[in-house]
Amino acid sequence: MALTRSYKSLEVTPATPTIGANVTGIDLSRPITPEQVAEIRRALLDHQVLFFRDQKRIEPALHIELGQQFGKLHMHPTLPHLEGFPGILVVHADENSKGHFGPMWHSDVSCDAEPPMATMLQIHTPPPCGGDTLFAGMYAAYADLSPAMQRFLQGLAAQHQYPFGIPSPSDPPAPRAEHPIVRTHPETGRHALYVSRLFTTYIVGLSPGESRSLLSHLFAHIENPYYHVRVNWQKNDVAFWDNRCTQHLAIWDYKPHTRTGHRVTIQGDKPFFRPDPSP
């Protein structure tokens, strides 16, 4: 049976049976049609993260326009955007950097009350080696938990807090929010784990010891490579991922080399849990 699924204007080939797909047949550096937007959205819902190879550089104005075709853009609460292009976040690390984007497993800005729905990143300058990004599928991670653990988690919420502090006292307080540990995807109806090592600080209603133990177990479970797909960036590759059912980790193993690109992030809605309908 052929793995590649052909749409009218693109082809989608799974990268693994669990998560990820490679997309061909579309040039994101040019305006795309509503039909192509619908096809990309369908592929995203099916595969959770999409990789667009052999792309040309997307100019900032078009990158913003492209993101807006999937929804209102999300503005990061603390990080600066590209000058003249609010909505574009510059992803950059080089030999002088003290840190980098995405140092631990996370779903983007889950500390917001309405966290991002999706993120689209184009890497303009990949390092000559290293610099991969890993993505983890939270549908599969949830499905592999025991039924007893699934039932227990469905009644719990966790606190998510921005982990890096705020640059100056004049800035607003660091964002924080409570979200269900098991999240229902608003478009697919599937259940996904929604805690991460970067943002989740404690589980509401449990003792500190219970919370630490359970979160440690869930973090280790999420980080199992059986749920992962890995992208080795080439120049101008684009990744488009669904933050509602994935996590990702950017590996900083390329210092002193440079890795830089632009990303737009699409606003989501408030996470919720809805039980499966009774049989």
Side-chain angles (χ1 to χ4, degrees), residues 1-7 10-25 39-53 70 102 104-108 110 115-121 123 131-151 153-154 179-200 215-234 237-251 266 268 271 273-274 276:
M1 181 177 67
L3 291 177
T4 300
R5 179 180 176 184
S6 295
Y7 294 76
L10 51 87
E11 290 191 341
V12 179
T13 304
T16 79
T18 301
I19 179 175
N22 295 298
V23 181
T24 58
E39 291 180 353
I40 292 172
R41 181 182 288 275
R42 179 69 260 166
L44 184 68
L45 294 178
D46 289 342
H47 299 283
Q48 305 161 69
V49 56
L50 305 177
F51 306 118
F52 299 83
R53 303 289 196 173
F70 295 93
M104 291 184 279
W105 284 102
H106 67 287
S107 173
D108 283 328
S110 65
M117 177 271 279
T119 303
M120 182 179 288
L121 170 64
I123 293 296
D132 292 0
T133 301
L134 276 65
F135 295 88
M138 294 299 98
Y139 293 146
Y142 173 75
D144 272 359
L145 295 171
S146 69
M149 179 60 77
Q150 290 178 357
R151 288 191 296 270
L153 295 178
Q154 287 174 6
H179 299 308
I181 289 178
V182 182
R183 178 177 186 173
T184 300
H185 195 290
E187 295 186 75
T188 67
R190 299 177 67 184
H191 291 155
L193 282 178
Y194 198 65
V195 292
S196 74
R197 195 177 289 277
L198 183 61
F199 285 110
T200 308
L215 284 176
S216 294
H217 170 73
L218 292 176
F219 295 158
H221 177 69
I222 287 165
E223 293 162 12
N224 185 325
Y226 285 110
Y227 310 130
H228 299 173
V229 66
R230 184 180 190 123
V231 57
N232 175 251
W233 296 98
Q234 305 299 314
D237 281 352
V238 173
F240 187 33
W241 63 89
D242 189 333
N243 284 295
R244 301 166 293 185
C245 57
T246 69
Q247 293 187 30
H248 57 282
L249 169 69
I251 303 175
I266 298 135
F273 171 74
R274 182 173 59 233
D276 286 329

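What you see is a predicted model, and the numbers here were worked out from it, not measured in a lab.
Remark: His221 engages Tyr227 in a ring pair (Phe, Tyr, Trp, His ring centres under 6.0 Å) (not counting sequence neighbours). By the ring pair (Phe, Tyr, Trp, His ring centres under 6.0 Å) test, Phe52 pairs with no residue at all, sequence neighbours left out. For Thr200, the side-chain contact (heavy atoms from CB on, under 4.5 Å) partners two or more places apart in sequence, or in a different chain, are Ala158, His160, Val195, Ser196, Leu215, Phe219. Remark: Arg42 pairs with Asp46 by the salt bridge (Lys or Arg N to Asp or Glu O under 4.0 Å) rule, at least two apart or across chains. A search for side-chain contact (heavy atoms from CB on, under 4.5 Å) contacts involving Pro115 returns His179, Tyr194, Pro271, not counting sequence neighbours. Among residues two or more places apart in sequence or in another chain, the side-chain contact (heavy atoms from CB on, under 4.5 Å) test is passed with Ala21 by Val12, His47, Leu50. Under the ring pair (Phe, Tyr, Trp, His ring centres under 6.0 Å) criterion, Tyr139 pairs with no residue, sequence neighbours left out. Residues satisfying the salt bridge (Lys or Arg N to Asp or Glu O under 4.0 Å) criterion with Arg53, sequence neighbours excluded, are Asp237. Looking at residues two or more places apart in sequence or on another chain, you find a side-chain contact (heavy atoms from CB on, under 4.5 Å) between Ala148 and Ser146, Arg151. Applying the ring pair (Phe, Tyr, Trp, His ring centres under 6.0 Å) criterion to Trp233, with sequence neighbours excluded, gives no partner residue. Taking the salt bridge (Lys or Arg N to Asp or Glu O under 4.0 Å) definition, one finds that Glu223 meets it with Arg197, sequence neighbours left out.
Scanning both residues, Val229 and Ala15, for their nearest heavy atoms gives CG2-CB, 3.8 Å. Between His228 and Trp105 the shortest heavy-atom distance is CE1-CZ2, 3.4 Å. The two atoms that bring Phe199 and Ser107 nearest to each other are CE1-O, 3.5 Å, heavy atoms only. Between Gly137 and Ile19, the shortest heavy-atom distance links the atoms N-CD1, 3.4 Å.
Remark: the backbone N or O of Ala136 is not paired with any side-chain donor or acceptor of Gln247 at under 3.5 angstrom. With Thr246 contributing its side chain and Trp241 its backbone, the two residues share no donor-acceptor pair below 3.5 Å. Under a 3.5 Å cut-off, the side chain of Arg274 and the backbone N or O of Gly189 do not form any donor-acceptor pair.
Leu134 has its side chain within reach of Ile251: a pair of non-hydrogen atoms, C-beta onward, lies under 4.5 Å apart. Counting heavy atoms from C-beta outward, Arg183 and His191 have side chains that stay 4.5 Å or more apart.
Residue Gln48 holds its CD atom at 8.5 Å from OG1 of Thr188, rounded to the nearest 0.5 Å. Put simply, CD1 on Ile222 and NE2 on His217 are 9.5 Å apart, with the number rounded to the nearest 0.5 Å. Separation of atoms CG (Asp108) and CG (Asn243) is listed at 4.5 Å; rounding is to 0.5 Å. Here NE2 of His106 is found 8.5 Å from CG of Leu249. Values are rounded to the nearest 0.5 Å.
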Checklist line | Residue pair Leu193, Leu153: steps toward the side-chain contact (heavy atoms from CB on, under 4.5 Å) verdict | finding: CA-CA 9 Å; Leu193 282 178; Leu153 295 178; 4.0 Å; yes

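Considering Phe51, Phe135, Phe70 as possible partners of Phe240, the one that fulfils the ring pair (Phe, Tyr, Trp, His ring centres under 6.0 Å) test is Phe70. Looking at Met117, Met138, Arg190 one by one, the single match for side chain to side chain contact (heavy atoms under 4.5 Å, CB included) with Arg244 turns out to be Met117.
For residues 13-24, the set of pairs meeting the side-chain hydrogen bond (donor to acceptor under 3.5 Å, both in side chains) definition, not counting sequence neighbours, comprises Thr4-Thr13.
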